[in-house]
Amino acid sequence: MKTRFLRAAAAAGALATLAAGSLSAQTTFHKYVALGDSLTAGVQGNCLVGRNQKVAYPALVAKSIGISDFELPLVAESTTVTNPSSACLGATFNGTSVLPGPISQGLGPLNGTLSRPYDDLGIPSARVADLVDLVHSNPTGGGVQTSAALVLRNFPGSPFDGLSAVAEANLLSPDLVSLWIGNNDVLGAATSGVAIDGVTVTSAAAFADKYTQVVDAIKGSGRTLVFLNIPDVTAIPFTTTIKPFTVVGGHTIPFLGPRTTSTCAVAPCPLPDGTLLTLQAQAFLSAGHGVPTAAGGFGDALPDGGPDLTTGALSPGVILYPDEVALLQSRTNDYNATIAAAAASNGGILIDIHTIFNDIKANGLKIGGISLNTGLLIGGLFSGDGVHPSSVAQAVIADHIIVALNASKGTDFEEPNLATPLFTPNVPGGAAASISSADFWRSIFAMFPPGLDVILPAERETPIAPSRSPRGTRHVGNRTAAAVEP
């Protein structure tokens with residue numbers, strides 16, 4: 001990662017330097033529309049609510065380029081959680097550890113009567129085909145249908161009924177359009193543990209066909225297009241946090257799955273190298289399922305998703321075997337080739353999220369003396385669901401877009417102030433400190449007795465076990481954490 005994010009020569013000047021920027025951004029765009037899925041909508045912690053929508057990259061880009069009427073399909077939020085299965089996830093504390101847990105839930109729309117389409121047309125759960133094909137939504141249909149009813153409002157009886165996302169975008173006559181779509185064409189397979197090409201994974205040919213339709217519909221004379229490609233869904237916290245093995249007495253013991261292997265003819269068999277487990281695996285492992293008897297478990301297999309042999313219906317699982325991982329990575333590369341070609345052939349600006357993400361995953365990201373990484377929740381760059389970017393990551397994305405616009409157009413738009421999401425709380429009501437603030441973690445150590453298991457984000461370091469004390473760690477009572485620069 002370029003060191004332009006580290007804009008301070010000393011800690012004392014970090015915030016002032018981060019806040020600095022051009023005082024006279026030259027406004028050259030009059031209407032900006034963002035097309036995409038939940039990444040564009042601003043979902044964090046598995047839900048869409050106003051506090052997250054307002055800090056998503058489309059809103060930040062609009063602010064930087066001087067557009068004041070950027071309208072969002074804002075959703076109200078309540079701190080009373082009545083349905084934990086659809087709650088907003090954030091940092092919760094059980095006295096011994098920091099865990100993702102329910103902190104609030106979304107309510108109804110706040111500006112559903114807006115007489116024109118919204119400027120942020122990010123539709124949670126949308127695949128690429130939905131941007132052109134989904135013209136009639138059902139508010140009670142679930143999934144992308146419910147999301148489209150909120151964002152596009154193209155349900156029966158609405159003045160927008162019959163309009164697709166690209167049609168609504170064109171109604172606004174934008175001179176700047178960003179397009180970040182395709183993540184769900186591969187993500188659902190990763191999160192469900194069922195990777196089947198052409199079924200849970202959009203085929204390369206089908207993706208190219210629909211992506212071309214989207215681009216053909218939104219391109220126009222004098223219109224600037226910004227294309228964002230797809231990150232590696234096999235490298236996000238949802239698929240990397242839970243390791244496929246345990247360590248007992250210094251020996252690595254793989255967990256168990258239902259597939260046989262060349263060295264195991266009768267299932268359950270040890271998971272082969274290169275297997276990934278989803279976050280849902282933790283519940284099974286904690287109960288002893290998938291754990292060999294030698295490691296104190298039941299010796300049975302973790303569930304592997306796939307079609308039911310009787311009904312044909314797909315059942316989710318928690319395992320991604322190496323061939324499934326390879327399929328997801330291959331299709332991601334195919335999609336990104338299509339996106340790159342579309343950007344090149346239409347004179348668009350390409351934001352290479354795939355490379356940016358891989359670089360941050362390998363090297364971490366340092367902003368104003370704080371080291372961040374892609375670890376679940378406490379890494380600072382992912383929200384509590386292990387899939388969607390945090391406010392800090394959304395600002396980083398917006399920064400890349402503004403830098404690219406300035407380079408391409410010769411403008412001098414002010415880059416987003418990265419200090420704002422880094423040190424400003426993003427919780428219901430703003431009552432707690434930012435998850436990525438070093439002061440926040442220090443306050444947590446002071447609040448709880450010895451034994452709290454919290455690992456701070458550390459640049460170029462992996463989490464460390466409490467029994468170890470390598471360079472770059474510090475102890476507070478019985479607590480060990482990777483050191484963070486103040």
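- Here the closest heavy-atom approach between residue A195 and residue V201 is recorded as CA-CG2, 4.3 Å.
- For the residue pair P258 and A301, the shortest heavy atom distance occurs at N-CB, 3.6 Å.
- At a cut-off of 3.5 Å, with distance as the only test, a side-chain donor of N83 or S86 sits close to an acceptor on the other residue.
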Which donor-acceptor pairs under 3.5 Å do the side chains of residues 39-46 make with protein atoms, sequence neighbours left out?
from : atom 1 : to   : atom 2 : distance (Å)
T40  : OG1    : Y57  : OH     : 2.5
Q44  : OE1    : N426 : ND2    : 3.4
Q44  : NE2    : S391 : OG     : 3.1

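- Here K210 pairs with V128, A129, V132, D133, Q213 under the side-chain contact (heavy atoms from CB on, under 4.5 Å) rule; sequence neighbours left out.
- V291 places none of its side-chain heavy atoms less than 4.5 Å from the side chain of F298.
- Under the salt bridge (Lys or Arg N to Asp or Glu O under 4.0 Å) criterion, the residue pairs touching residues 289-318 are R259-D304, with sequence neighbours excluded.
- Put simply, the side chain of N138 never gets that close to the backbone of F155: no donor and acceptor are under 3.5 Å apart.
- Considering every non-hydrogen atom in both T234 and L276, the closest pair reads O-CD1, 3.4 Å.
- Proximity of S137 to V151: side-chain heavy atoms (C-beta onward) are nowhere separated by under 4.5 Å.
- A heavy-atom distance below 4.5 Å is not found between the side chains of F238 and D385.
- Looking at D37 and I123, their side chains never come closer than 4.5 Å, going by heavy atoms from C-beta outward.
- Judged by distance alone, with hydrogens and angles left aside, the side-chain atoms of Q53 form a donor-acceptor pair with the main-chain N or O of V75 at under 3.5 Å.
- With hydrogens and angles disregarded, a donor-acceptor distance shorter than 3.5 Å links the side chain of T275 to the backbone of P272.
- Annotation: side chain of I367 is in contact with side chain of V396 (closest heavy-atom distance under 4.5 Å).
- The side-chain contact (heavy atoms from CB on, under 4.5 Å) test applied to T252 returns F245, V247, not counting sequence neighbours.
- A distance-only check finds no donor-acceptor pair linking the side chain of D120 to the backbone of L72 [under 3.5 Å].
- The structure places CD of Q105 at 12.0 Å from CG of L89, a figure rounded to the nearest 0.5 Å.
- Two residues are said to be in side-chain contact when any heavy atoms from C-beta on lie closer than 4.5 Å; N363 and N373 fail this criterion.
- If you check the side chains of D352 and N229, you find a donor sitting under 3.5 Å from an acceptor.
- The aromatic rings of H289 and F284 lie perpendicular to each other, with more than 60° between the two planes, well past the 30° mark.
- Between atom OG1 of residue T338 and atom CG of residue N333 there is a gap of 11.0 Å, rounded to the nearest 0.5 Å.
- T332 and H354 share no side-chain donor-acceptor pair at under 3.5 Å.
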Please evaluate residues V49 and C88 with respect to the criterion side-chain contact (heavy atoms from CB on, under 4.5 Å), reporting the C-alpha separation (whole Å), side-chain torsions for both, the decisive distance (0.1 Å), and the verdict. CA-CA 9 Å; V49 291; C88 301; 3.9 Å; yes
Would Y335 and T202 count as a side-chain contact (heavy atoms from CB on, under 4.5 Å) if you check the C-alpha gap in whole Å, the side-chain angles of each, and the deciding distance to 0.1 Å? CA-CA 9 Å; Y335 300 169; T202 303; 3.4 Å; yes
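- Rounded to the nearest 0.5 Å, atoms CD1 (I339) and CD1 (I353) are 10.5 Å apart.
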Please walk me through it: do I181 and L35 pass side-chain contact (heavy atoms from CB on, under 4.5 Å)? CA-CA 7 Å; I181 193 68; L35 286 162; over 6 Å; no
Take F255 and L285 through the side-chain contact (heavy atoms from CB on, under 4.5 Å) test and state the conclusion after the steps. CA-CA 9 Å; F255 294 130; L285 296 171; 3.7 Å; yes
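- When atom types are taken as modelled, the side chain of T260 and the backbone of A265 share no donor-acceptor pair closer than 3.5 angstrom.
- Separating the CG atom in L271 from the CG atom in L302 is a distance of 6.5 Å, to the nearest 0.5 Å.
- If you take CG on L179 and OH on Y211, they are separated by 4.0 Å, rounding to the nearest 0.5 Å.
- The side-chain hydrogen bond (donor to acceptor under 3.5 Å, both in side chains) check on Q280 picks up T278, with sequence neighbours excluded.
- The shortest heavy-atom contact between S371 and K366 is OG-CG, 4.2 Å.
- Here the side chain of Q329 pairs no donor or acceptor atom with the backbone of A326 at under 3.5 angstrom.
- Pairs engaging residues 281-312 under the disulfide (SG to SG under 2.5 Å) rule: none recorded [sequence neighbours left out].
- A distance of 9.0 Å separates CG in L60 from OG1 in T420, rounded to the nearest 0.5 Å.
- Using a 4.5 Å cut-off on side-chain heavy atoms (C-beta onward), R153 and Y118 make contact.
- G274 and P322 make their closest contact through C-CG, 3.9 Å (heavy atoms, listed as atom of the first residue, atom of the second, distance).
- Without hydrogens or angle criteria, S390 side chain to S383 main chain gives no donor-acceptor distance under 3.5 Å.
- Side-chain contact check for D197 versus R331: some heavy-atom pair is nearer than 4.5 Å.
- In plain terms, the two heavy atoms of T261 and P270 that are nearest each other are CG2-O, 4.3 Å.
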